[in-house]
Enquirer: 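Dropping the structure in here first, questions after.
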Amino acid sequence: MRICSKVSCSRSAAATMTYVHADACVVVGPLSRRAEPGAHDLCLDHAAKLTPPVGWELIRIDGGQTPPERTHDDLLAIADAVREAAGRPTDNRPGRPTDIRAEEAPGGRRHGHLRIIGEGRR
C-alpha cells in the first residue's frame, strides 16, 4: 500500500499527480499501478484540494472511465508497431505498412530502433 506524498499525511494514496514544466501543466489522475520517479501519490483529500501554481493548467482525469474497446484493426496496428520496433519485417498484405531497411531508407541510417536523419530531412 502506498501512502500520500504530502508531508505529515499518512493516509493511503488514491491518485497520482504528475507535471510537465515545459507545458506548465499539472495532471491528477487515478493511482498509477506502480510508483514512478517524478510522480506524486496523493490521498483523496489532497488530490481534491490540489491547486496548480499561478499560470499553470490543471487537468483532472477521472479514474471511473472505462477504457475504449480495441478493434481488430487496432490490435493489428499495435502488433505491426511492435514488430517494426523489434526490427522484424511486417506482413506485406496490401494496405499494410512494409519494413524499410537501412539501405533503402533515403538519407538515413538505422541504429537499433532509432533512425539517424541527415541535416536536410528535418
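Below, each value reflects all heavy atoms present in this structure, side chains not excepted, and no hydrogens, waters or symmetry copies. One is the number of the first residue; the rest follow in order along the sequence.
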Enquirer: Using the rule given for side-chain contact (heavy atoms from CB on, under 4.5 Å), can you reason through Cys25 versus Ile59, listing the C-alpha separation, both sets of side-chain angles and the distance that settles it, and then say yes or no?
Expert: CA-CA 7 Å; Cys25 180; Ile59 299 173; 3.5 Å; yes
Enquirer: Does the side chain of Cys43 reach to within under 4.5 Å of the side chain of Ser12, using non-hydrogen atoms?
Expert: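 With C-beta onward as the side chain, the pair stays apart.
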Enquirer: Going by heavy atoms in the side chains, are Ile61 and Val27 under 4.5 Å from each other?
Expert: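 Yes, at least one pair of side-chain atoms sits under 4.5 Å.
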Enquirer: With no hydrogens and no angle check, do the side chains of Thr16 and Arg33 hold a donor and an acceptor under 3.5 Å apart?
Expert: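 Side-chain D/A pair, Thr16 to Arg33: absent.
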Enquirer: Give me each pair satisfying side chain to side chain donor-acceptor pair (under 3.5 Å) with a member in residues 42-52, each pair once, sequence neighbours excluded.
Expert: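 As it turns out, the side chain to side chain donor-acceptor pair (under 3.5 Å) pairs with a partner in residues 42-52, which skip direct neighbours, are Arg11-Asp45.
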Enquirer: Under the salt bridge (charged side-chain N to carboxylate O under 4.0 Å, His left out) test, which residues partner Glu36, sequence neighbours left out?
Expert: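 In terms of salt bridge (charged side-chain N to carboxylate O under 4.0 Å, His left out), with neighbours along the sequence ignored, Glu36 is linked to Arg34.
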Enquirer: Any sub-3.5 Å donor-acceptor pair from Arg2's side-chain atoms to Leu31's backbone N or O?
Expert: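 Flag not set: sc Arg2 to bb Leu31 has no pair under 3.5 Å.
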Enquirer: Under 4.5 Å side-chain heavy-atom separation, chaining through any Ile, Leu, Val, Met, Phe, Trp or Tyr, what else clusters with Met17? Say none if it is isolated.
Expert: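 Direct or chained contacts put Met17 with Tyr19, Val26, Val28, Leu42, Leu50, Trp56, Leu58.
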Enquirer: Report yes if some heavy atom in the side chain of Asp41 is under 4.5 Å from a heavy atom in the side chain of Cys4; otherwise report no.
Expert: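 Not in contact.
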Enquirer: What closest approach, in Å, do Ala39 and Thr18 show between heavy atoms, and which atom pair accounts for it?
Expert: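 Scanning both residues completely, I find the closest heavy atoms to be CB-CG2, 3.7 Å.
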